[in-house]
Amino acid sequence: MRINKFIAAAGICSRRNADTLISEGRIMVNGVKVTEPGMDISGADVVLVDGKPVSAEAKKYYIALNKPDGFVTTTDDPFERPTVMQLVTDVNARLFPVGRLDYHTEGLLLLTNDGDFANHLMHPRHEVYKTYIAHVNGFPTPGQLGALRHGVKLEDGKTAPAKVTVIRQYPDGVDISISIREGKNRQVRRMFEAIGHKVTRLCRISVGNVQLGHLPRGKWRHLTPKEIEDLKKER
Ligand code: URA
């Protein structure tokens, strides 16, 4: 098995992040630093990540968290801000977030120790629909909403078609439901900036078939077997 696949299967991180660990020189096999992501290893090899031994298969966990505003979606933060990992302390596994939400974005975040699962969900070919409620200042015109639906130009490329519906009106703005399949950095906020409107609050309410529902802010639950199975099938 390839070393990056082994690391992912062992629940350390996604395969993509395993490649980063390798390039950072944090993985050793039989006492030698690994430099090749494609290196093949067998069951007899001794693999260390950051000096700690890794065993082949860990029990897999799949978790839905309601991320509050003011938490970073990383396992540790150089600026020592609160991280989502501090909200899921009572699971005995090395969990990591599947993708990310901005510091100020709230709502549904999946965490797992199944690197292949994370890899599958984040792969550009399988990216699942993620639905957000964006509170937007001002009132986008039908033309501007059409532009969001068809795709807007961002500095890193044009966005793919999105599902966009105005769901609530306020004196100063609107709540808009927006579903996208891609995961560009700050994508929803940048899409609205591109049509001249600022998002002042952003909450993710679903990822594929998994709904945030009434999960209280800062709390988590295990995904159901059906939710896990459906996400694994997403194409
Ligand atoms: N789009 C954003 O702008 N921010 C997020 O956190 C997620 C999607």
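The shown structure was predicted, so the numbers you read here are calculated from the model rather than taken from an experiment. Both ligands and their constituent atoms are indexed starting at 1 by order of listing. Atoms considered below: every heavy atom in the structure, side chains included; atoms not considered: hydrogens, waters and symmetry mates. Residues: numbered from 1 along the sequence shown.
Here is the list of ligand 1 atoms found below 4.0 Å of a heavy atom in Thr105: 4 (N), 5 (C), 6 (O). Here is the list of ligand 1 atoms found below 4.0 Å of a heavy atom in Gln187: 1 (N), 2 (C), 3 (O).
A salt bridge does not link Arg189 to Glu193: none of the charged nitrogens lies less than 4.0 Å from a carboxylate oxygen. One finds a salt bridge joining Asp175 and Arg168 here, because a Lys/Arg side-chain nitrogen approaches an Asp/Glu carboxylate oxygen to under 4.0 Å.
Annotation for Glu80: atom CD does not count as buried by contact number, only 12 or fewer foreign heavy atoms lying within 6.0 Å.
Within the structure, ring-ring contact (aromatic ring centres under 6.0 Å, His included) contacts touching residues 201-234 (residues at least two apart or in different chains) are Trp220-His222.
Between Tyr132 and ligand 1, no N or O atom pair is found at a separation short of 3.5 Å.
The proximity of Val199 to ligand 1, defined as any non-hydrogen pair under 4.0 Å, does not occur for either the backbone or the side chain.
Among all non-hydrogen protein atoms, the one lying nearest atom 4 (N) of ligand 1 is Asp102 OD2, 2.8 Å. The nearest heavy-atom contact from the protein to atom 1 (N) of ligand 1 is Val188 N, 3.1 Å.
Side-chain contact between Arg204 and Leu109 is present, with at least one heavy-atom pair separated by less than 4.5 Å.
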